[in-house]
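Everything on this sheet refers to the single structure shown next.
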2 protein chains.
Amino acid sequence: MESKKKQYSELTDCLCTSIRKSARNISQKYNEYLKQSGEDINANQVSILVTLSQIENKTISELSNQLRMERTTLTRNLRVLDKSGWIKTDYGSDGRMKYTKLSKKGRQVLNKILPHWKKAQIQTKKLLGEDLQLFKQNLEKLTNL
Amino acid sequence: MESKKKQYSELTDCLCTSIRKSARNISQKYNEYLKQSGEDINANQVSILVTLSQIENKTISELSNQLRMERTTLTRNLRVLDKSGWIKTDYGSDGRMKYTKLSKKGRQVLNKILPHWKKAQIQTKKLLGEDLQLFKQNLEKLTNL
DNA sequence: TGAAATTATGTGTATATACACTTATTATTT
DNA sequence: AAATAATAAGTGTATATACACATAATTTCA
């Protein structure tokens with residue numbers, strides 16, 4: 001009778017698993033800091049609002065590409081942001097396209113959470129030390145595969 | 001009248017956002033490969049089954065710690081695996097604890113997806129090249145913060 | 001021993017994710 | 001101009017995620 005364990009050794013060391021783990025962990029960490037702002041907002045929502053702050057009047061598809069977020073996922077995420085009044089949407093000459101931008105309230109909430117977000121970032125970057133740039137480059141690679 | 005853009009420059013370069021992006025992207029990639037196995041299984045489910053294959057009869061809380069997955073999230077994820085017949089659960093002498101292990105069907109599905117998973121891993125690791133080990137170390141740091 | 005604290009797990013609710021499919025609008029072709 | 005193709009976005013469904021709260025079993029201790 002042989003041992004039934006120690007199989008799948010090739011599967012136990014998996015980049016996908018590691019990154020998902022890390023994403024769960026770091027998200028919770030950032031959310032803890034965000035909570036201290038008193039605003040009811042999370043890391044995912046912030047990342048969308050920040051993307052919108054960079055270039056206004058993006059279509060859903062453009063935003064979806066930039067965030068590497070499935071378009072239909074984004075549609076639902078935007079609904080939550082809209083419910084909170086942090087974004088505004090309108091239609092252009094092409095009736096198919098829907099343009100989204102930050103609302104005044106959206107800018108205000110970003111301003112409010114900024115210092116707490118910064119705290120989370122500083123703590124996180126400290127962990128990586130001088131590996132930071134290389135780490136980000138490699139993350140970038142995995143974001144574009 | 002000043003420009004209203006280019007604010008939040010500190011927020012645009014965020015590790016949490018980058019890792020979440022990367023997690024979405026790499027998960028989709030792995031899922032594409034898994035689909036070629038013909039089995040209806042995804043990367044998250046595989047990672048849980050693999051963890052179960054390492055040490056049998058884990059409690060929910062132990063598994064939750066090892067996977068860095070919120071316990072109540074895991075409860076729901078296990079329900080899906082159970083529905084597919086890939087795991088078995090039973091209670092020990094302590095009536096509070098619930099032990100989970102791979103079923104025979106669970107081992108079979110891991111065997112079946114193994115080559116496709118491997119393909120995804122190889123492609124991914126190739127991208128990182130010799131940065132792989134360092135990258136994993138840094139991911140590990142962010143998984144334990 | 002029985003009340004109180006602790007521990008392990010589950011549920012309610014809300015958001016995040018993505019695939020398959022649908023709808024609506026615009027562009028192209030005949 | 002009408003039929004067809006292409007494009008942009010939404011919906012149905014299922015899973016993933018996590019916080020707040022609830023439940024059930026065990027342990028502790030007065």
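Order of the sequence lines fixes the chain letters, A, B, ..., with proteins taken first and strands second; residue numbering starts at 1 for each chain.
- Formation of a donor-acceptor pair under 3.5 Å by the N31(B) side chain with backbone atoms of S27(B) is found in this model.
- Between E62(B) atom CD and dT7(C) atom C1' there is a gap of 13 Å when expressed in whole angstrom units.
- Checked against the 6.0 Å centroid criterion, the rings of Y91(A) and Y99(A) do not qualify as a close aromatic pair.
- Taking the centre of each ring, Y33(B) and W117(B) stay at or above the 6.0 Å mark.
- Under the salt bridge (Lys or Arg N to Asp or Glu O under 4.0 Å) criterion, K112(A) pairs with E39(A), not counting sequence neighbours.
- Evaluation of the salt bridge (charged side-chain N to carboxylate O under 4.0 Å, His left out) test over residues 81-90 of chain B, restricted to residues two or more places apart or in two chains, returns none.
- Side-chain atoms of S18(B) come within 3.5 Å of backbone N or O of C14(B) as a donor-acceptor pair.
- Taken residue by residue, residues 89-101 of chain A places heavy atoms nearer than 4.0 Å to DNA chain D at R96(A), M97(A), K98(A).
- Remark: W86(A) pairs with no residue by the ring-ring contact (aromatic ring centres under 6.0 Å, His included) rule, at least two apart or across chains.
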Checklist entry - Tell me, for nucleotides 11-20 of chain C in 5' to 3' order, what letter each nucleotide earns: B for a base near a protein heavy atom under 4.0 Å, S for only sugar-phosphate near one, - for neither? => result BBB-SSBBBB
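- As a whole-Å value, the separation of N65(B) CG from dT7(C) C1' is 14 Å.
- For residues 57-80 of chain A, no pair satisfies salt bridge (charged side-chain N to carboxylate O under 4.0 Å, His left out), with sequence neighbours left out.
- Distance CG (L74(B)) to P (dT9(C)): 10 Å, rounded to an integer number of Å.
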